[in-house]
Amino acid sequence: MKLDERQQNKESTTELIPGPLSLVAEVTHRCPLHCVYCSNPLQMKSADSELSTEEWSRVFHEASALGVIHLHLTGGEPLLRPDLAKLVAAGREANLYVNMITSGLGLTAARMQELKDAGLEHIQLSLQDAEEERANEFAGARAHAHKLKLAALIRQQDIAFTVNVVVHRENLDRLEAILALAESLEPQRIEVAHVQYYGWALKNRGKLMPTPAQVERSLTLISQAQARLSGRIQLQAVFPDYYARYPKTCVGGWGRLMMLIDPAGQALPCHAATILPGLEFDSVRSHSVEWLWRHSTAFNRYRGHGWMKEPCSDCERKEIDLGGCRCQAFQLTGDAANADPACSLSDQHGRLVEIAQATPSHEAQWVYRILTNHS
Amino acid sequence: MREEMLDVRVPRLAVGCRVRALPADEVMLLVPEGALRLKGAASEILSLIDGNRSVDAIADILRERHASEDADRISAEVKQFLEKLHARSVLLYKD
């Protein structure tokens, strides 16, 4: 896609902003798990503020018209919405590819059938570890055994199946066993993601941050597994950016490829954007998806590279990684317009390396994800 | 004369992959976590995957349809394209 070319014309007219390709629909923040690295914001949306079936359906149709291809139904736990099958059907009716990201809790044979009949095309099931006790510890719930039983149920249904695993200091030493367990569930895809430090994960960073040796070893194990599984299971990996030389192109670029709608209808450019000061987020309750994408100040704030400072503004890589992650820049440097400190060209990079290499604390207590009704 | 070995493997799209029509001779292959926009030859090859035709059968049809073009090149293109999809796990070969 030639998104960049069109992006450069942003100053002259907003009409040329290409539409997003994926819509992340956080249909609820309620969740039976309390994962210590959850990507949801610390301030979550309460059940009574959630969008209705009809509101979501309208959002899906408008998103599709704007160019969205993939719909990711997530949360929280999407299965906690009794109308989930209706949401799936609405997504398909809007001609979207419908994916669900789930803990699996609440998934029964009957529910599975209902979702399949509604047109669900892809399920992403999370695993926390290969060892039950540790898996339940990270999830803050007794979930592991149930998850393992679901694989057969999913495979029977002719639905694409991905196993998602988040890896960190406390489970990386079992990565071989984790990969073997994931493989034994016979999915089409496995995603292994190193923790990204936002929200709840940032609170638990001291305990989650892997050692350099663990990171090194995980890279080797993952590339070996990719070679072994090739043609059978697609293994995708997300590497830890604290150890990177250049930052990740966060969410494919701000306001460039994806839009996230939170349970109450706020449109966000990424999972963590609500932490950024001075941004106003508009809602699908008062605006169309197209308006939000093209005109909301939050989406325009860090589009393209007009907002960049040095070293990003003069960097030859500015079109490649677009300055990295705004939220990480804010969290670690206090200014969201700074270079992402994951970049070795950032003058704050030294601090990041220090954090990454400081002795992590095994003894610290986990801070579990808990839904508070503050907003 | 056919110079390659016979290829009787039958390709089919993996679970969770489907074709979405686009205007003109383009199609979009929707896959979990991605989409491939396919034009011209690629779109034509994909349209011939029906779960029954072998790799050779698909190549034969295309060689007939495009009789004025280099037949060996067409066969090679078909295999190359299918292998690319196979490596991404979006296309499987039935045993």
Side-chain angles (χ1 to χ4, degrees), chain A residues 1-3 20-22 24 64 67-74 91-92 94-101 115-116 119-125 154-164 183 186-191 193 226-238 252 257-258, chain B residues 4-5 7-40 42-43 45-47 49-56 58 76-95:
Chain A
M1 300 221 75
K2 293 186 174 172
L3 294 173
L21 298 177
S22 60
V24 176
S64 181
V68 166
I69 295 167
H70 285 81
L71 168 62
H72 305 281
L73 295 170
T74 182
R92 287 303 300 274
N95 206 11
L96 298 171
Y97 184 101
V98 183
N99 174 30
M100 169 175 76
I101 300 155
L115 294 170
K116 167 69 185 174
L120 185 64
E121 302 185 270
H122 180 201
I123 289 188
Q124 295 186 272
L125 178 70
I154 296 170
R155 284 198 316 270
Q156 278 166 15
Q157 287 289 358
D158 234 25
I159 290 179
F161 175 29
T162 295
V163 173
N164 289 346
E183 187 185 343
E186 297 176 38
Q188 276 89 41
R189 300 176 65 257
I190 299 174
E191 280 185 23
Q226 279 171 330
R228 185 166 51 82
L229 299 172
S230 173
R232 200 155 52 88
I233 300 175
Q234 189 198 10
L235 172 57
Q236 238 174 31
V238 175
L257 299 178
M258 80 94 128
Chain B
E4 324 90 62
M5 303 239 297
D7 194 340
V8 296
R9 293 176 302 165
V10 175
R12 65 172 173 83
L13 288 180
V15 168
C17 302
R18 74 178 153 97
V19 170
R20 179 170 150 183
L22 293 174
D25 68 340
E26 277 182 64
V27 296
M28 189 152 19
L29 178 58
L30 301 182
V31 305
E33 298 293 293
L36 309 169
R37 209 182 171 107
L38 305 174
K39 294 183 181 185
S43 150
I45 296 168
L46 199 72
S47 71
I49 296 173
D50 65 355
N52 294 311
R53 290 191 186 99
S54 67
V55 176
D56 279 345
I58 291 171
E77 257 183 30
V78 169
K79 285 194 184 194
Q80 212 183 0
F81 174 66
L82 295 179
E83 276 312 311
K84 210 170 96 185
L85 296 185
H86 181 60
R88 265 205 76 169
S89 304
V90 301
L91 178 133
L92 306 172
Y93 293 110
K94 278 205 283 193
D95 306 319

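These numbers come from the heavy atoms of this one structure, side chains and all, not from hydrogens, waters or symmetry mates. Below, chain A is the first sequence line, B the second, and so on; all start at residue 1.
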Which bit of [X] comes within less than 4.5 Å of chain B, counting heavy atoms only: side chain, backbone, both or neither?
| X | result |
| --- | --- |
| A/Ile123 | neither |
| A/Ile69 | both |
| A/Glu191 | side chain |
| A/Leu229 | neither |

Under 4.5 Å from any heavy atom of chain A - which part of B/Val31:
backbone

Proximity breakdown for B/Glu33 and chain A, heavy-atom pairs closer than 4.5 Å
both

Has the side chain of [X] got a donor or acceptor atom that lies under 3.5 Å from a matching backbone atom of [Y]?
| X | Y | value |
| --- | --- | --- |
| A/His70 | B/Pro32 | no |
| A/Arg189 | B/Ser89 | no |
| A/Tyr97 | B/Gly34 | no |

Which one, A/Gly231, A/Ser22, A/Ser230, leads in non-hydrogen pairs under 4.5 Å with chain B?
A/Gly231

Within this structure, what is the CG-CG distance for the pair B/Leu30 and A/Asn99, rounded to the nearest 0.5 Å?
12.5 Å

B/Arg20 versus A/Asn95, closest heavy-atom pair with distance:
NH1-O, 3.0 Å

